[in-house]
2 protein chains.
Amino acid sequence: MIRLSTKGRYGTRLMLNLARHYGNGNDAVILKHISEDERISIRYLEQIIIPLKINRLVKSIRGAGGGYTLARKPEDIKLSEILHALEGNCCLVECVEDDSFCDFIEICPTYDIWKGATELLKGYFDGLTLKDIVTMAEKKDKKNKAKAR
Amino acid sequence: MIRLSTKGRYGTRLMLNLARHYGNGNDAVILKHISEDERISIRYLEQIIIPLKINRLVKSIRGAGGGYTLARKPEDIKLSEILHALEGNCCLVECVEDDSFCDFIEICPTYDIWKGATELLKGYFDGLTLKDIVTMAEKKDKKNKAKAR
DNA sequence: ATAATTCCTATAAATTCATGTTGATATTCG
DNA sequence: CGAATATCAACATGAATTTATAGGAATTAT
Ligand code: FES
Ligand code: FES
């Protein structure tokens, strides 16, 4: 299966949650709230947020009243950065980014295929910022509400 | 990680191997040869070829002198078909093809993102036939040989 | 009959996914 | 100060999935 890991999926939702709460006075969001919102166990979120912190996509505030915030404005964080932080690399097969993974890159007839697909995906994720996604979600929400009326 | 499973990778190489041997008199290729060519264990190839057979992408000939051939001409087999046969579905996250996988598709802000990415990939794989890939590989090979001269 | 080859089922090994445990450290607030 | 709140860190554990190997039964050409 070509599949995005749960780390990538959950991490993206985590970041979107932070993006939605970004810059409304009471900044820091605690993992417990995100856990409840997104229905992901706190323990797992703790693991997932570590690489996001290391890659300076989120800032942590320790102690009582603490929590997490985005390190930058939502419009300055690209989805590709998030996925890259969470996955290390973001290629369909290792050899696309690690020459030593396969022995016969020079000969391999599929290498260029997987490479092409990987670049396609990268371009897509590169063109999306957290703000874009939040905006999309808000539009969707509006539509849903209009429907329900 | 966004990653193509080994099944998908090995299966594609298997099919390409069959494509290269397609229609040159002595048709059927035995797994042993493919195993040696591609350096994949016969046992694993046996498992991988089952869904390819079920989806009528390859034909098998049993017994001594038997082996496998493509069920259709290489130009009539799309990469997307191969991957679909091997993976069941070929989406970045399950919910894109299985509504019941996630509970909140209607609300989920990331659903449309993953769906968009999945469709991008599908389009890419849909536009490539085995023949295309073999042709690409031959060109690459020629180039390599020219270089080595 | 014999050898070659697919077919079928079981299972071992490795990795990913998700939760749990324990306790340390930093911060706010009364 | 002391209590409460949260992050931080290092493991441990078990379920699920993926990856890979193994043994032997069924089929066919010679
Ligand atoms: S799959 Fe990596 S070089 Fe072919
Ligand atoms: S990830 Fe499946 S609906 Fe959001």
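A note on names: the letters A, B, ... follow the listed sequences, proteins ahead of strands, and every chain is numbered from 1. What you are looking at is a predicted structure, and each value in this text was computed from that prediction instead of being measured.
For A/Ser5, no side-chain nitrogen or oxygen approaches OP1 or OP2 of C/dT16 to under 4.0 Å. Side-chain nitrogen and oxygen atoms of A/Thr6 include none within less than 4.0 Å of the OP1 or OP2 phosphate oxygen of C/dT16. Considering only side-chain N and O atoms, A/Tyr10 lies under 4.0 angstrom from the phosphate OP1 or OP2 of C/dA18. The shortest distance between the side-chain N/O atoms of A/Ser41 and the OP1/OP2 oxygens of C/dA18 is not below 4.0 Å. Neither OP1 nor OP2 of C/dA18 sits under 4.0 Å from any side-chain N or O of A/Arg9.
Between the C1' atom of D/dT18 and the CD atom of B/Glu87 lies a distance of 11 Å, rounded to the nearest Å. Residue B/Arg3 contributes atom CZ, which lies 10 Å from atom C1' of D/dT19 at whole-angstrom precision. Taking atom CD1 of residue B/Ile54 and atom C1' of nucleotide C/dT6, one finds them 14 Å apart after rounding to whole Å. The distance between atom CG of B/Leu45 and atom C1' of D/dA20, rounded to the nearest whole Å, is 11 Å. Across the protein-nucleic acid pair, B/Lys7 atom NZ and D/dT17 atom P stand 13 Å apart, rounded to whole Å. Atom pair A/Leu86:CG and C/dC17:P shows a separation of 12 Å (rounding to whole Å applied).
Annotation: the span from A/Leu128 atom CG to A/Ile133 atom CD1 amounts to 5.5 Å, rounded to 0.5 Å.
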Under 4.0 Å protein heavy-atom contact, by nucleotide of nucleotides 3-13 of chain D - B base, S sugar-phosphate only:
-BBSBS-----

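Between the side chain of B/Asn55 and the backbone N or O of B/Pro51, at least one donor-acceptor pair lies under 3.5 Å.
Contact annotation: the side chain of B/Glu81 never approaches that of B/Phe125 to less than 4.5 Å [non-hydrogen atoms, C-beta and beyond].
Taking 4.0 Å as the cut-off between side-chain N and carboxylate O, A/Glu97 and A/Lys122 count as a salt-bridged pair. A salt bridge links B/Arg20 to B/Glu38: one of the charged nitrogens lies within less than 4.0 Å of a carboxylate oxygen.
In this structure, a donor-acceptor pair under 3.5 Å is present between the side chains of A/His21 and A/Asn17.
In terms of the salt bridge (Lys or Arg N to Asp or Glu O under 4.0 Å) criterion, A/Asp76 has no residue partners (sequence neighbours excluded).
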